[in-house]
Asker: 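For reference, the structure I am asking about is given below.
Lettering of chains follows the sequences in order, A, B, ..., and the numbering in each one begins at 1.
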Amino acid sequence: MKIGYPCINRSIGCTANSTFRLASYSEERLIETVSKNLCCLRKILEYNAAHNLLFFRISSAIVPFASHPVCAFDWRTHFKEEFTAIGKFIKKHDMRISMHPDQFTLINSPDEEIFGRSVRELDYHCDVLDLMGLDTSAKVQIHVGGGYGDKPSAMKRFIERYASLSTKIKRRLVVENDDRIYTLAQSLAIHEKTGIPVLFDVFHHSVNCSGEKLHDALRKASATWRKPDGILMVDYSIQKSGERAGVHAESIDIKQFTKFLRESRPFDFDVMLEIKDKELSALKAHAAASRDGRYYTV
DNA sequence: GGCAGTCAAGTACGC
DNA sequence: GCGTACTTGACTGCC
C-alpha cells in the first residue's frame, strides 16, 4: 500500500500545473510553462520521497494544450531529457503514478469528433508516462462517460470504442466508478467485456452506489487488475459536512480513515487521497497507515 | 497590487 | 432552450 495525493503540493511554493489562456498561446510561452512545471514536478516528487508519499497524480496541465490543434510544437523531443530524468527518479523511489484527464475526455460520446479529441488527449497522457519510461502500472484513469439518455447503448459504445484504441492507450487506461452516472457494478460490467481494470472510488461509491459492501467492492475491483497493471488503485475522499452530497472535505478525518483501513483488510491497494488540503492530509494518512502491515516503506 | 470575471474541451439537469 | 454545476485553481484584465 502506498499513499498519495493529486497534482498539487501547497507546502513547497511552486506548482506543476501552471497554464495560460489559449489566446496567449505561443511557442515561447509553452516552453517557459512546461519548463517551470517539470522543474516543480521534480520538487514535489522529492518532497514526496522525503515524506514517504509514494503515490502521486501528475496534473493534466503539465503540458498545456498538448492535444489542442494550436500546439504544433514538438514538446516530446524538446523535453525528452527532463521527462527521462523525472522517470528515473520515480523508478528509483519505487513510486506509483497516475494521471486523470478531465471530464471532457469521453470515449463513449456519440459525437465522433469528441471521441477523436478524447483519443488525442489520451495519447498525450500516455506520451507523458512513456517519455518517463514508466511501466504499465502507471495508469491513466477516466470515467465511463455520459449516459446520453440510454445507458445500455452508451456502455456498448464505450466497449466498441475501447476495442478500437491503440495498444499504447489500452495498456494504461483504467475506468473509475463516478459519482452520478456509472456505478461500480456498471464499471465492472464494462471490464467483463473489455478487460479494462476498474479503479475503485470509495467516495463515489458512497454517493452513487450499486450496493456492494466495501469488502465485496474491493474484492471485485482488485480482480480486474492483472500483474502488469500493478495492484488496485483506490481514490479515497470523504463528504464535506453541511454541503451537497459529493463535495470533497477540506481535511481528512483520521478516525474514519483508520476505520476504512481496518475494514479494507486483507486487500492491498494504493490510495489516492482526493482531499482539499492535499499533502497535509496525506501526511496524516501516512502516519495512520504506517502502523498497518500493508503499508509500503522504502 | 488586489480583485473579480473568466477559462479549450462536455454532459446533465432544473427552470 | 438556456444557464449552471461539476471540481478547482489560477490566469488575465481592469481598477
Side-chain angles (χ1 to χ4, degrees), chain A residues 5-26 28-30 32-34 36-37 40-41 44 57-73 75 98-125 140-151 153-155 157-158 161 175-183 186 201-204 206-208 235-240 242-251 272-281:
Chain A
Y5 59 97
C7 307
I8 294 167
N9 179 307
R10 298 182 195 282
S11 305
I12 61 173
C14 71
T15 109
N17 60 339
S18 309
T19 181
F20 48 85
R21 297 292 156 86
L22 180 57
S24 339
Y25 183 92
S26 71
E28 295 70 39
R29 187 73 188 267
L30 182 75
E32 176 199 336
T33 305
V34 177
K36 225 166 63 181
N37 285 344
C40 183
L41 174 59
I44 293 176
R57 183 182 298 162
I58 296 174
S59 168
S60 294
I62 193 94
V63 183
F65 302 101
S67 73
H68 192 280
V70 77
C71 181
F73 180 68
W75 55 269
S98 67
M99 295 185 81
H100 192 349
D102 66 23
Q103 79 252 38
F104 307 108
T105 302
L106 292 156
I107 70 168
N108 80 337
S109 171
D111 184 331
E112 287 291 339
E113 292 194 5
I114 291 168
F115 173 58
R117 283 195 284 275
S118 299
V119 171
R120 283 198 294 281
E121 184 72 356
L122 291 174
D123 251 320
Y124 148 59
H125 282 78
V140 174
Q141 66 188 88
I142 59 168
H143 297 295
V144 179
Y148 308 102
D150 179 0
K151 262 207 231 179
S153 302
M155 286 168 72
R157 197 161 48 243
F158 183 100
R161 291 272 184 65
V175 75
E176 171 194 355
N177 57 302
D178 69 73
D179 58 348
R180 287 179 306 150
I181 308 172
Y182 292 97
T183 60
Q186 287 164 334
D201 188 309
V202 182
F203 187 37
H204 291 166
S206 70
V207 181
N208 181 27
D235 281 358
Y236 178 91
S237 186
I238 46 168
Q239 175 67 39
K240 180 174 180 179
E243 287 283 346
R244 174 190 64 74
V247 176
H248 294 249
E250 292 291 330
S251 188
M272 179 62 62
L273 296 168
E274 294 186 321
I275 312 260
K276 282 220 184 179
D277 66 3
K278 309 283 180 184
E279 78 281 0
L280 299 181
S281 281

Asker: Tell me, please, which residues at least two apart from A:R157 pass salt bridge (Lys or Arg N to Asp or Glu O under 4.0 Å).
Answerer: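 Salt bridge (Lys or Arg N to Asp or Glu O under 4.0 Å) list for A:R157, sorted by chain: empty.
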Asker: Taking the P atom of each, how far is C:dT4 from B:dT6, in whole Å?
Answerer: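 11 Å, rounded to whole Å.
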Asker: Which part of the nucleic acid, if any, lies within contact of A:R120, taking any heavy atom under 4.0 Å across all strands shown: a base, the sugar-phosphate backbone alone, or nothing?
Answerer: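 Touches nothing.
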Asker: If we take the P atom in both B:dT11 and C:dG9, what is their distance in whole Å?
Answerer: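 Each nucleotide's P atom is 25 Å from the other's.
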Asker: Side-chain donor-acceptor pairs under 3.5 Å in residues 113-120 of chain A, sequence neighbours left out?
Answerer:
unit_1: A:S118; atom_1: OG; unit_2: A:L106; atom_2: N; d: 2.8
unit_1: A:S118; atom_1: OG; unit_2: A:L106; atom_2: O; d: 3.3
unit_1: A:S118; atom_1: OG; unit_2: A:I114; atom_2: O; d: 2.8

Asker: Taking only residues two or more places apart in sequence or in another chain, which ones pass side-chain contact (heavy atoms from CB on, under 4.5 Å) with A:S18?
Answerer: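 Result, side-chain contact (heavy atoms from CB on, under 4.5 Å) vs A:S18: A:T15, A:T33, A:K36, A:N37.
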Asker: By disulfide (SG to SG under 2.5 Å), which residues pair with A:C71, not counting sequence neighbours?
Answerer: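 For A:C71 there are no disulfide (SG to SG under 2.5 Å) partners, ignoring immediate neighbours.
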Asker: Heavy-atom nearest nucleotide on DNA chain C for A:T15 versus A:H204: which residue maps closer to 5'?
Answerer: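 This one resolves to A:H204.
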Asker: Check side-chain contact (heavy atoms from CB on, under 4.5 Å) between A:D235 and all other residues, then give those that pass, not counting sequence neighbours.
Answerer: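 A:R57, A:Q141, A:E176, A:L199, A:D201, A:M272, A:E274.
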Asker: If the sugar-phosphate is the primed atoms plus P, OP1 and OP2 and the base is the rest, what is the B/S/- string for nucleotides 6-12 of chain B, using protein heavy atoms under 4.0 Å?
Answerer: BBBBBSS
Asker: For A:Y124 and A:W75, I'd like to know if the aromatic rings sit close, meaning centre-to-centre distance below 6.0 Å.
Answerer: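 Here the rings of A:W75 and A:Y124 have centres that are less than 6.0 Å from each other.
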Asker: Please give the distance between the P atoms of C:dT12 and B:dA9 as a whole number of Å.
Answerer: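 After rounding to an integer number of Å, I get 16 Å for this pair.
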Asker: Stems involving DNA chain C: give each as a range paired with a range, ordered by first number, where a stem means at least three consecutive Watson-Crick or G-U wobble pairs under 3.5 Å.
Answerer: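 Stems for DNA chain C, defined as runs of 3 or more consecutive pairs: B:1-7 with C:9-15, B:10-15 with C:1-6.
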Asker: Quick check for you: name the first and last nucleotides of DNA chain C, 5' to 3', having an atom under 4.0 Å from a heavy atom of chain A.
Answerer: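 Going 5' to 3' along DNA chain C, contacts run C:dC6 to C:dT12.
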Asker: Got a sec, which residues hit disulfide (SG to SG under 2.5 Å) with A:C7, two or more places apart in sequence or on another chain?
Answerer: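 With sequence neighbours excluded, A:C7 shows a disulfide (SG to SG under 2.5 Å) to no residue whatsoever.
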Asker: Angle class for the A:Y25/A:F65 ring planes (parallel below 30°, perpendicular above 60°, tilted otherwise)?
Answerer: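 A:Y25 vs A:F65 ring planes: perpendicular.
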Asker: How far does the C1' atom of C:dT7 sit from the matching atom of B:dC3, given to the nearest Å?
Answerer: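 22 Å, rounded to whole Å.
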Asker: A:Y182: what forms a ring-ring contact (aromatic ring centres under 6.0 Å, His included) with it, not counting sequence neighbours?
Answerer: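 For A:Y182 there are no ring-ring contact (aromatic ring centres under 6.0 Å, His included) partners, ignoring immediate neighbours.
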Asker: Quick one: list whatever passes side-chain contact (heavy atoms from CB on, under 4.5 Å) with A:R10, sequence neighbours left out.
Answerer: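 A:I8, A:K278, A:E279.
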Asker: According to side-chain contact (heavy atoms from CB on, under 4.5 Å), who are the partners of A:Q103, at least two apart in sequence or on a separate chain?
Answerer: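 Expected list: none.
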Asker: Just to be sure I understand the rule, does A:S118 reach a base, reach only the sugar-phosphate, or reach nothing, if contact means heavy atoms closer than 4.0 Å?
Answerer: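 Result for A:S118 = nothing.
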